[in-house]
Amino acid sequence: MKRTTIILFLLGLSIFEVQAQTVPNPNTAQWWSSPGIIGTALLIAIVSFVAIIIIGSRLSTLIQHLQKKTESKNKESLKSELINLEAEELDLILEKRKAAKTYSLTGNELSGPNSIDDGRGLVTKITHDPENPLVDEKMRETLRLETPVALRNLLVWYLGAAVFWLVFGTLVGQYVGMKFIWPEMDQSAWLSFGRLRPVHTNTVFWGWASLAMVGLGYFVISRTSNTSIFSYTVAKVAWYLMNSAVLVGNILLMSGVNNGGGEYREYIWPVALLFALGLILTCYNFYKTVADRKISEIYISNWYLMGGLMWTITLVVIGYLPSYQDGLGETVIQGYYMHQGVGMWFMTFTLGLVYYYLPTALNKPIYSYSLGVLAFWTQMLFYTLIGTHHFVFSPLPWWLQTVAIVFSVGMFIPVLAGTTNFLMTMKGSWSAISKSYVLPFFLVGVVFYFVGSTQGSLQAFRLTNFIWHFTDFNVAHSHMTMYGIITFLLWACMYSIVPKVTGNEPPGLGVGIHFWMAFVGLFAYMISLMAGGTLRGLSWIEGEPFIQSVVLMQPYWVWRAIGGSLMFVSHLVFAYNFYEMAKKDKRPPVRPTTPFSSAQA
């Protein structure tokens, strides 16, 4: 009897769990008035406002530059006229000017029938604003950090490989994007969309972003620990392992050998093992460097760097262990894996880099250490259970979907804490943005950190999921985060540190072209796919034929291609800028400095 009761209880529990959806589908009649839609529109307005501010400031400085050129021409013309004057005429002019300088105001200088001139000495001083046109040369970096040759070479190795994978990965992405407009471009299986799309995503994830993060992290971990890297040999072995994983993995993907439909984990397990070994060696190297630090405190950046490495090693193990990945278990693991990869690896590690490179770029301390700690722990708490919000209205248990939505809303806490910390650190330094080629990248990255993360929380709501899931809107959201946040912040960090280490400044014109093409391209890419994705989702809800939604997306895919083209060309410019920064410096350092502690950082 007892055994029968237990069996019936377990049977009832299993029946309860398979009841995935307990309420009807949401009503989309007033879809435009839902909080998720309104919130997303407001976030897009924030990005638009920031774009208008940046463009307006650049146009203003360009106009001032043109005015300065006109004034300069007038001065030259005046000089020529003065040279041609007779001595008596010149003496007369100087006497008048001398008398005008001693003139006292009477109070009615701006009234009366006389024309206004400077005959009474109203102008006492002339100043000229700095020349800051759209892409003019910015302030040169005079600070040179005395860096060990081994650390400098390690930094260049990691960042150089990352730049290569960025260009290659986005070249593939550009080709895939063009297929939406010209699907008949080729007939080769190696170049098919199904094979090239994972090549693009995995290359920019594990090749570009991961290698750039680790390279920049080695510099941070050394400086904030006031010691040398524990083992440069281990760092080089990890470099070879991670690059080999990306190279071999891409060849296999293009050959049709993959891990199935798991997004961002299409590499088969032996390839993933190579990358995981690289991460394990990197984590060990970072840990030993921090353990051997010459100062007592552990700077906040190292919390994020070490946390990101340990969480990602755990993530790779869970994502590739096959024992529980059958049926719906595979869906749960997929949601966990792809969101943890973005949030606990790329986002966590990059935020750790910003906590070091942003204060050093501004030459001021981070606004609040406590806010950084709050963001760290709440990120760990809330981010671990939000992956299922990608599978709302799927056969997964309804309670699990609800938990994912609730924890997605909880992500407001670390996002607001981090954004506040960075913006308050920038407070009082806004004028420096127009004079620096580094800070605009930081500003865009921080703004997108708030906008992209908040938009992701709003997208987790059931109504917005119902409209946007499986549409191109998700592609826009992923680029808003991985490109607008991660990539812009990595660029900012690279432009911040490489000139200080090598002594080579990037060309100001090249940096300006890189920034504007990447920013405008991302904006066009993002807005077009958001608008088209919304209309496509509504088309599906109305029950219209699928092919009609494909035709509907055609003009939006054109704008996607335009935005993607701008982004790809900006990467070519960035690659040239990096070459100019990383090439061997033949000049002596300007002002060497000694290593400083994490408190000074």
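Only a predicted model underlies this, so the values are computations on that prediction, with no experimental measurement involved.
Ser496 contributes no side-chain N or O that, together with a main-chain N or O of Ala492, makes up a donor-acceptor pair within less than 3.5 Å. For the pair Thr289 (side chain) and Phe230 (backbone), a donor-acceptor distance under 3.5 Å is present. At least one donor-acceptor pair under 3.5 Å links the side chain of Ser301 to the backbone N or O of Tyr356. With hydrogens and angles disregarded, a donor-acceptor distance shorter than 3.5 Å links the side chain of Asn577 to the backbone of Gly510. Judged by distance alone, with hydrogens and angles left aside, the side-chain atoms of Ser528 form a donor-acceptor pair with the main-chain N or O of Tyr525 at under 3.5 Å. Looking at Thr170, its side chain never comes within 3.5 Å of a backbone N or O of Gly173 through a donor-acceptor pair. With Asn226 contributing its side chain and Ile295 its backbone, the two residues share no donor-acceptor pair below 3.5 Å. The backbone N or O of Ala161 lies less than 3.5 Å from no partner atom in the side chain of Asn243, so there is not a single donor-acceptor pair. Between the side chain of Arg223 and the backbone N or O of Val220 there is no donor-acceptor pair closer than 3.5 Å. Side chain of Thr487 to backbone of Met482: a donor-acceptor contact under 3.5 angstrom is found.
Residues Thr147 and Arg152 share a closest heavy-atom pair of CG2-N, 4.0 Å. Between Leu216 and Cys493 the shortest heavy-atom distance is CD1-CB, 3.7 Å. Of all heavy-atom pairs spanning Tyr437 and Pro499, the tightest one is OH-CG, 3.8 Å. For the residue pair Met242 and Thr282, the shortest heavy atom distance occurs at CE-OG1, 4.0 Å. For the pair Cys283 and Ile313, the tightest heavy-atom approach, listed with the atom from each and the gap, is CB-CD1, 3.8 Å.
Counting non-hydrogen atoms of other residues, nucleotides and ligands closer than 6.0 Å to OH of Tyr367 gives a total of 12 or fewer. For Tyr576, the OH atom is loosely surrounded, since the number of other residues' heavy atoms within 6.0 Å does not exceed 12.
Remark: the Gln340 side chain and the Thr384 side chain contain no N/O donor-acceptor pair separated by less than 3.5 Å.
A heavy-atom distance below 4.5 Å is not found between the side chains of Ser570 and Leu566. A heavy-atom distance below 4.5 Å is not found between the side chains of Thr481 and Tyr449. The shortest distance between side-chain heavy atoms of Trp345 and Ile486 does not fall below 4.5 Å. Within the 4.5 Å cutoff, no side-chain heavy atoms of Tyr218 are placed close to those of Ser222.
Trp491 and Tyr483 have perpendicular rings, their planes meeting at more than 60° on a 0 to 90° scale where under 30° would count as parallel. Ring geometry for His389 against His339 counts as perpendicular: the plane angle is over 60°, on a 0 to 90° scale with 30° as the lower cut. Taking the six-membered ring for Trp and thresholds of 30 and 60 degrees, Phe523 and Phe519 have ring planes inclined between 30 and 60 degrees apart. Aromatic ring orientation, Trp377 versus Trp303: perpendicular (interplanar angle above 60°, classes split at 30° and 60°).
Aromatic rings of Trp239 and Trp157 (six-membered ring for Trp) have centroids within the 6.0 Å cut-off, being under it. Aromatic rings of Tyr264 and Phe205 (six-membered ring for Trp) have centroids within the 6.0 Å cut-off, being under it. If you look at Tyr304 and Tyr355, their ring centroids are closer than 6.0 Å. For Tyr495 and His514, the ring centers sit closer than 6.0 Å to each other. In this structure, the ring of Phe442 has its center no less than 6.0 angstrom from the ring center of Phe488.
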